[in-house]
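Below you'll find the structure, written out as structure tokens, and then a few comments.
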Number of protein chains: 2
Amino acid sequence: MRNISLLVSYDGTSYHGWQCQPNGITVQEVLQRAIETITSQPIKMYAGARTDAGVHAQGQVVNFHSESTIDLRSLAKGINSLIPPDIRVKTASEVPDDFHARYSAKSKAYVYCILTTTYNSPFYGRYAWHIPYNLDVSPMDEAIKCLMGKHDFSAFKKKDEVYHSTVREVLRAGVKQRKDFIYVILEATGFLRYMVRNIVGTLVLAGTGKLTKEGFLGIMESCDRQKAGPTAPPKGLFLREITY
Amino acid sequence: MRNISLLVSYDGTSYHGWQCQPNGITVQEVLQRAIETITSQPIKMYAGARTDAGVHAQGQVVNFHSESTIDLRSLAKGINSLIPPDIRVKTASEVPDDFHARYSAKSKAYVYCILTTTYNSPFYGRYAWHIPYNLDVSPMDEAIKCLMGKHDFSAFKKKDEVYHSTVREVLRAGVKQRKDFIYVILEATGFLRYMVRNIVGTLVLAGTGKLTKEGFLGIMESCDRQKAGPTAPPKGLFLREITY
């Protein structure tokens, strides 16, 4: 049995997230169906991160075991010919037998994109949260840096979501501005559901002067979801890279 | 009567070009209907450039005369609230009575975008011509520079299109690479229909080594459309800016 890994990019606009579910079409379902068509075998596929509905990915990683002997370039090409253009397999590679897209991951990096032009963009409207006024980036960057290291992030989790542990370790955190775009970058050993989007929704309050760095830190330390800001919309979120 | 000018950006994917026509929905039609709804008056609208079906614009300029006294910010906001998100009015301004979006234009700049990754991008697939192999940019840049100045561009016109004169003056011409993207930049006093796309289709031959700079110049000088390369697809073309 070969263990095959795919690097996958997708525009999540039209999908009900990554994971198969009864209510709507998902990225996993589309990919899995194409792979099973090509290899003529049912497969069990694992993903590095389960992105939510409307969230995009530039660096999703999956793996599956297969008896198929198809060469890897043909596999990637074949899958791409069977799936819609908003999902693309970038590369296919053979990985060691014990590689698991989810459990072998050392860290995941997300980027959240905010567009601050007065009018929205016809080109970036699907890929950014449009906030039609200027945000002050330096207090946002100062605030997000409070998240570095190991913390209990339950203030930023999805309401009612239950975990064994809500402690995660943030390895990289920053907010940058390029022209009209603001990028929030977060890399961590793992994320709680909605964590990036809840952090972004709270950071925006820092960007408008409504929240200080100390206030932001206080929210994290409170472990109280009620104290944090609103959940930023999914369309601005990109799973950028998974490190193994 | 005020003379009002709008700076407009649109994703041309879903439209049958700029200009009103019986066969399908156009950008002009959508904009004009929204303006007439807001001002409660029929208007005659002029555009700086009549983009073809599927072509995008970041800097389309239009003007129309109106008796309406609506303030300009409300006009722009009002139009944007009535039209789909793939067309956006960036700004509205009052211009001198004799300003004409088309006839007052000194030059127009277009950018054509080529994506050279092996797989297409789920994010840029609508906004770039996907050529899944590397192109050599320096012969493309050398070739396009032959177009600088006044020339008869009939080798690059749309077949069977008839003009009083097929002479145009190119003010800026260049090909640049940034990571996996190649950008073809052309600014001229005016363009023939399909001119940019036919130039790009021919430049790609230079990028693959099939055509020298001298060969490219020869095609231009032949004034023979048959000698030039294929028409590049509309989705890579952006009307970037009109200068007055």
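All chains are named by letter (A, B, ...) in the order of the sequence lines, taking the proteins before the strands, and each is independently numbered beginning at 1. Since the structure is predicted, the reported quantities are computational estimates derived from the model, not experimental observations.
Taking CG of N120(A) as the reference point, atom NZ of K90(B) lies at 12.0 Å (rounded to 0.5 Å). If you take CZ on R126(A) and CZ on R126(B), they are separated by 4.5 Å, rounding to the nearest 0.5 Å.
Listed in order of number, the residues of residues 42-57 of chain B that approach chain A to under 4.5 Å between heavy atoms are H56(B), A57(B). The stretch residues 24-38 of chain A places none of its residues near chain B, where near means some heavy atom under 4.5 Å from a heavy atom of that chain. Residues of residues 11-21 of chain A lying under 4.5 angstrom from chain B, judged on non-hydrogen atoms, are D11(A) in numerical order. Scanning residues 232-244 of chain B against chain A with a 4.5 Å heavy-atom cutoff picks out F238(B), ordered by number.
Contact count versus chain B (heavy atoms, under 4.5 Å) is highest, among P84(A), S9(A), A76(A), for S9(A).
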side-chain contact (heavy atoms from CB on, under 4.5 Å) between F123(B) and Q58(A), worked out: CA-CA 9 Å; F123(B) 308 108; Q58(A) 291 151 322; 3.7 Å; yes

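Around the CZ atom of R2(B), the shell of radius 6.0 Å holds more than 12 heavy atoms that belong to other residues, nucleotides or ligands. At most 12 non-hydrogen atoms from other residues, nucleotides or ligands lie less than 6.0 angstrom from OH of Y124(B).
Taking each heavy atom of R88(B) and P122(A) in turn, the nearest pair found is CG-CD, 3.9 Å.
In this structure, the side chains of Y119(A) and N80(B) come closer than 4.5 Å at one or more pairs of heavy atoms.
Y10(B) touches chain A through its backbone: at least one of N, CA, C or O sits under 4.5 Å from a heavy atom, while the side chain does not.
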